[in-house]
Amino acid sequence: MMPQTVTPPSSDPSVRELANAIRALAMDAVEKANSGHPGMPMGMADVATALFANHLNFDPAHPDWPNRDRFILSAGHGSMLQYALLYLTGYEDITLDEIKNFRQLGARTAGHPEFGHAAGIETTTGPLGQGLANAVGMALAERMLAARFGDIVNHYTYVIAGDGCLMEGISQEAISLAGHLKLNKLIVLWDDNKISIDGPTSLATSEDQLKRFEASGWNIQSVDGMDYDAVNRAIANAKKSALPAMIACRTTIGFGAPTKAGTAGSHGSPLGKSEIEGARKNLGWEYAPFELPAPILSSWRDIGKRGAKTYAEWTKKYNAASEKHAEFERLMRHELPGIWVETLNAFKKKLAETQPNEATRKSSENVLEALVPVIPELLGGSADLTGSNNTKTKAMQPVTAANYGGRYIYYGVREHAMGAVMNGLALHGGFIPYGGTFMVFTDYCRPAIRLSALMKQRVIYVMTHDSIGLGEDGPTHQPVEHLASLRAIPDLYVFRPADAMETAECWALAIAMDNAPSILSLTRQNLPSLRKAYTEDNFCARGGYVISEAAGAKVTLIATGSEVSLAVDAQKLLAEKNIPARVVSMPCWELFDTQPEAYRKSVLGTCLKVAIEAAGGFGWERYIGQDGIFIGMNGFGASAPAKDLYKHFGITAEHVVEAVQKRLKA
Ligand SMILES: Cc1ncc(C[n+]2csc(CCOP(=O)(O)OP(=O)(O)O)c2C)c(N)n1
Ligand SMILES: [Mg+2]
């Protein structure tokens, strides 16, 4: 199978020689870093060459071109494949020095491809399966933008996925949704090398992947992934398919390495000196590490220039009707429509008049009823809990294979994919995705939530039924550790509004925050209106604020969400006992923590502090100190009506008073 004799590159290098440039860069960079994954790039080099040389519409000189094809390396451990391609095709961000600096501090060439490090990296990959699901979001965004703006948006989304991506459960959710929505411009190239880290994939799976994709509504093909022409033809066929397409590319991991090719030994560690020498011989690659013969580099650069013409044509057409594209451009600039602020303020004024007594999930629905019509990029959805999450406004039409013009996605019971698809939608551009499920199932979205944060994407997670306050569904559905664990994720904003007004303010903050994801933690149960006056000022923007002051306060009661009204009740009871207490509403820790110290001190005060939150207390020490009191949960909840549960677990105004009195006497 291995070529034993290969002639050196002529002025017109063979496609195998082009692919060998990828192989050499991968094995040499991994060797120099003394860490990384050479096997996958060496196996998939021919497939990638066929894709980039003949199909992928891209222009390294205009990497942000909105109509570029998207290329997603879902098998992120094979990052050197992507870095080699970006360097070879002439992306400025990835120089040869960057490749020599693979995996080093400050290099763009991080261990796994990271969004934002270099143009051409469309998403952060590494957690297997996520990239595939991101790609579904991108392919969906493409269809939806095409439905709105016509053929200025008309591109493919290509994915390279490995055995690992396809073994991950999220892959089933993602391909099932893609098949259902008939995302025909999505093309998956599966690196079918039958090897993963532990050895042959037969150790752990005997699934027929092609049949699985076929059953999910995909077009399927199978090719020899080392046969450039066959891959080329398969991609050409896939592009014509009316369904999303999956091409199983049979490859040899670590192709070229004399003893490690075809084995897990080439997956994730440097090949070593003698193996690399042998690979150079087998591949006929007689050049020093990082040395590229001019004809080969120049052929690759020509591939990189291939898209300039398409880009120029697109731009010409686009500019010829630029007045038609003002709205599209606004979306690409991530600029909100000006009218949204006055709409929000009018809505807040109305709340001050009506002072509704309602669950914050209902308040959230009302905010959406007001804002969805004026912010066309808001794109709703839920993982089969639409009626419970209150995520759909009346006018929102579903997104279907027959109508990509809709604005509401029925994600089905697929929370894992919902999160990752929303990341893809946000990364693609053109949409602000929000999606709902129960707060407890943030666990089912967590890998995607973490990546939203790592990639700084504006994805809004609408998480309702946010405490024991959901009642009878019991401890399987009652989040306890979730607020703390979400607050532990860097660059994620966790909002827990206390009433309708705060819900409107938290929504506004989430929508305006273009560089971070948000969680809206919302109640099932009704809450009274606490913020009764209209203010243009968004109080929640400070993260925490005094919602009810008391002169000479001896206690600061700090609460979030549904417990703020409980704190206000406790404040009244304490006043009757001559213990003045002030109440702080703290809807967002992350925002509060960025306030100036003087402000934070003035809000928290120097007196006894009590935190009240119907969840685990983990983390509250930072505000209440070691001497503070925490009123909340110490373990899992139980199945009963909400009122009984609050009483049972001691989350009541009376218990707050008792605990405060005890402490002040001590
Ligand atoms: C969610 C997740 N689990 C585990 C890993 C660790 N890991 C990285 S690559 C890999 C094996 C993947 O096998 P495959 O996709 O076949 O890659 P190949 O060995 O063929 O390059 C594993 C388990 C990971 N990156 N992500
Ligand atoms: Mg594999």
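Remember, it's 1-based here, ligands and their atoms both numbered in the order they're listed. For the numbers below, each heavy atom of this structure counts, side chains included, while hydrogens, waters and symmetry mates do not.
- A perpendicular orientation is assigned to the rings of Phe102 and Tyr83, their planes being inclined by more than 60° (bins at 30° and 60°).
- Under the side-chain hydrogen bond (donor to acceptor under 3.5 Å, both in side chains) criterion, the residue pairs touching residues 176-185 are Asn154-Lys185, Ser176-Arg414, with sequence neighbours excluded.
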Give the C-alpha distance, both sets of side-chain angles, the deciding distance and a yes or no for ring pair (Phe, Tyr, Trp, His ring centres under 6.0 Å) between His465 and His477. CA-CA 8 Å; His465 298 60; His477 284 51; 8.7 Å; no
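- At a cut-off of 3.5 Å, with distance as the only test, a side-chain donor of Ser452 or Tyr461 sits close to an acceptor on the other residue.
- By the 30° and 60° cut-offs, the orientation of the rings of Tyr444 relative to His416 is tilted.
- Aromatic ring centroids of His112 and His117 lie 6.0 Å or more apart.
- By the 30° and 60° cut-offs, the orientation of the rings of Phe213 relative to Trp218 is perpendicular.
- Using a 30° and 60° split on the angle between ring planes, Tyr493 and Phe495 fall in the parallel class, below 30°.
- Below the 2.8 Å limit, the Mg ion (ligand 2) has as protein N, O or S neighbours Asp163 OD2, Asn193 OD1, Ile195 O.
- Applying the side-chain hydrogen bond (donor to acceptor under 3.5 Å, both in side chains) definition to pairs two or more places apart or across chains, those involving residues 237-249 are His55-Lys239, Gln221-Asn237.
- For ligand 1, the 4.0 Å heavy-atom shell contains residues Met40, His77, Gly126, Pro127, Leu128, Gly162, Asp163, Gly164, Glu168, Asn193, Ile195, Ser196, Ile197, Ile253, His267.
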